[in-house]
Amino acid sequence: MSSAPQVPREALLAQLRNAVGAAHVLTDDQATRRFRKGHRTGEGPVLAVVRPGTLLEQWKVLQAAVAAGRIVIMQAANTGLTGGSTPDGANYDREIVLVNTLRITGVQVIAGGDQVVCLPGATLDKLEQTLAPLGREPHSVIGSSCIGASVLGGICNNSGGALVRRGPAYTELALYARVKDDGTLELVNHLGIALGDTPEEILTRLQNGDYAEADIQRDTGRVASDARYAQDVRAVDADTPARFNADPSRLFEASGSAGKVCLFAVRLDTFPKEPSTVFYIGSNTPDDLTAVRRHLLTALPRPPIAGEYIHRTAFDIGEKYGKDTFLLIDRFGTARVPAAFALKSRFDGFFERLGMRGFVDHAIQAVTRLLPSHLPRRVRQWRDLYEHHLLVRVSNDQVEATRAFLTEHFANSTQGGWFECDADEGRKAFLHRFAIAGAAIRYREVHRSEVEDIVALDIALRRNDREWVEQLPQDVERDVVHKLYYGHFFCHVFHQDYIVKKGVDPLAMEHRMWELLDARRAEYPAEHNVGHLYVAKPALAGFYQSLDPTNTFNPGIGHTPRGRNWQECNHANGGWPKGYSENA
């Protein structure tokens, strides 16, 4: 394998400035902070943050960084929860060029709206807005889109999403660059669109939408979504999870690549927008929710659109510490959220320099504490009555069947109940569910004197697992301040956030949790990818190495080696995990 020469730092910076303009090459610690610090976890130093404005600029940046022998980390919205799009500490054998792609916006509608081509800076929110006038939707419509997540980031991470019929984000139609084992850079056009022969021509034409319908290949032999997932999730007696990141059947080139290639565009299917109704279900008996899940997945002609679980503790933490996120989206829509997060990051950096870490979180929390409850009355009543909550969204053609089943199932129940939401209740119930995801972070920042950190797990249980309520051993339970359980119930994918007491080692606790999950035969992570928190299992680590044989892109992901050509790097976490081999 090739070993690229080390171009001097200033010479490389000059090349990068020449490619994108000096204003878009950031080297100052304060200017780079919001790019090199993860949304929930992870941060580290970089040589520069580079923000190309066109696909051709992105290619030139990549050429310079690869030729100079530097590490490249690709980043879009930096909304990931496992630290997979930022450096992880300083223990690398080469300097890092972090390429942020958010300036390269663009959603190109093709095939009459049945498909789209998305460029690196396209967000889920923007895609949703583009498709709305056409009566169509993207793969995911709320959740990550609330905080401005990118479309391409979802593809790279096999992001799962909340929509039961659509499964993980997936496509086999992509335009990407890879570094071959001899160290040379290659642009691979698998979009199924004729755009020319040279990288310069291909990227310029795509950027400008300079292609006709005749250039778009229809019968590519490749798919632009995961069409089989709806059937997989309905197999409620299967002894395996419905979806998880290391599933080899859902790893293909850009899909699941976790930044081990440089992605320029993806081609995706879109979906008809259906009128729907939300049912709110509560129970103090987990078996009630199991019965609802199994019936609605197997008895209805099609699966429900979505089914979201909330435990009462998660409900409470989300109501109190996720209120600002809820109100921001409720009043201003998801389009304003990325700018709000960026502004908060700048203020956080300012106050951290003054030795006042967490000041902004404390201030926001003090203000929102004075505001009245933002949740609908019936939703708050159900919180008081029931420990377990399930939000079910069904298309309107299945409302009667759903209503009939719930009426019969809860007819004589003293442990559970349900109500049919009006439009405002349904919207706010789902928005509350997704505001919960960031609430643990706010809780940690406001309670630093009592909280060591958060252990955030993203797990997929077996489809036939009826014992889905976790029972922690006492030696683990005593080290936890709060446990937040929420997730995509019909898919049996759960998010489990443990707010850890001060003085407890979060890493040791996380490893203990892995042992418990292994005993339950769960898979993890389920939908947020390994980042720098989880160990990439052999099939996934092998996939990464096949994509990036020189280990130029995002080294160390999934606890794999950080050194050039997949060699061990002299740092605390270096080398292959125990039991793994370089040829896995």
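Just the heavy atoms: all of them, side chains too, but no hydrogens, waters or symmetry mates, feed the values below.
- Between Lys483 and Glu470 there is no salt bridge, since none of the side-chain N atoms of the basic residue sits less than 4.0 Å from a carboxylate O of the acidic one.
- In summary, the aromatic rings of His492 and Phe494 are positioned with their centroids under 6.0 Å apart.
- Between Tyr321 and His482, the distance from one ring center to the other does not fall under 6.0 angstrom.
- Between Glu352 and Lys37 there is no salt bridge, since no side-chain N of the basic residue sits under 4.0 Å from a carboxylate O of the acidic one.
- Listed here is the closest heavy atom pair of Ala258 and Asn529: CB-ND2, 3.9 Å.
- The salt bridge (charged side-chain N to carboxylate O under 4.0 Å, His left out) pairs that include a residue from residues 491-502 are Arg40-Asp497, where partners are two or more places apart or lie in different chains.
- Ring centers of Tyr170 and His139: at least 6.0 Å apart, outside the cut-off.
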Verify salt bridge (Lys or Arg N to Asp or Glu O under 4.0 Å) between Asp348 and Arg34, making sure each step is shown before the conclusion. CA-CA 9 Å; Asp348 283 338; Arg34 68 187 180 98; over 6 Å; no

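- Salt bridge status for Asp226 with Arg166: absent, with no side-chain N to carboxylate O gap under 4.0 Å.
- Identified under the salt bridge (charged side-chain N to carboxylate O under 4.0 Å, His left out) test for residues 313-327, with sequence neighbours left out: Asp316-Arg383, Asp324-Arg442.
- Between Glu387 and Arg312, no side-chain nitrogen of the basic residue sits less than 4.0 Å from a carboxylate oxygen of the acidic one, so the salt-bridge criterion is not met.
- Residues His389 and His311 place their aromatic rings such that the two centres sit no closer than 6.0 Å.
- Note on Lys344 versus Asp361: salt bridge recorded, some NZ/NE/NH1/NH2 to OD/OE distance being below 4.0 Å.
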Donor-acceptor contacts, no H, no angles, side chain residues 104-114, under 3.5 Å, sequence neighbours left out:
{"from": "Gln108", "atom 1": "OE1", "to": "Tyr211", "atom 2": "OH", "distance (Å)": "2.6"}
{"from": "Gln108", "atom 1": "NE2", "to": "Leu206", "atom 2": "O", "distance (Å)": "2.7"}

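- Using a 4.0 Å cut-off between a side-chain N of Lys or Arg and a carboxylate O of Asp or Glu, Asp424 and Lys428 qualify as a salt bridge.
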Verdict with reasoning, Tyr280 to Arg378, per side-chain hydrogen bond (donor to acceptor under 3.5 Å, both in side chains): CA-CA 9 Å; Tyr280 200 110; Arg378 285 200 292 181; over 6 Å; no

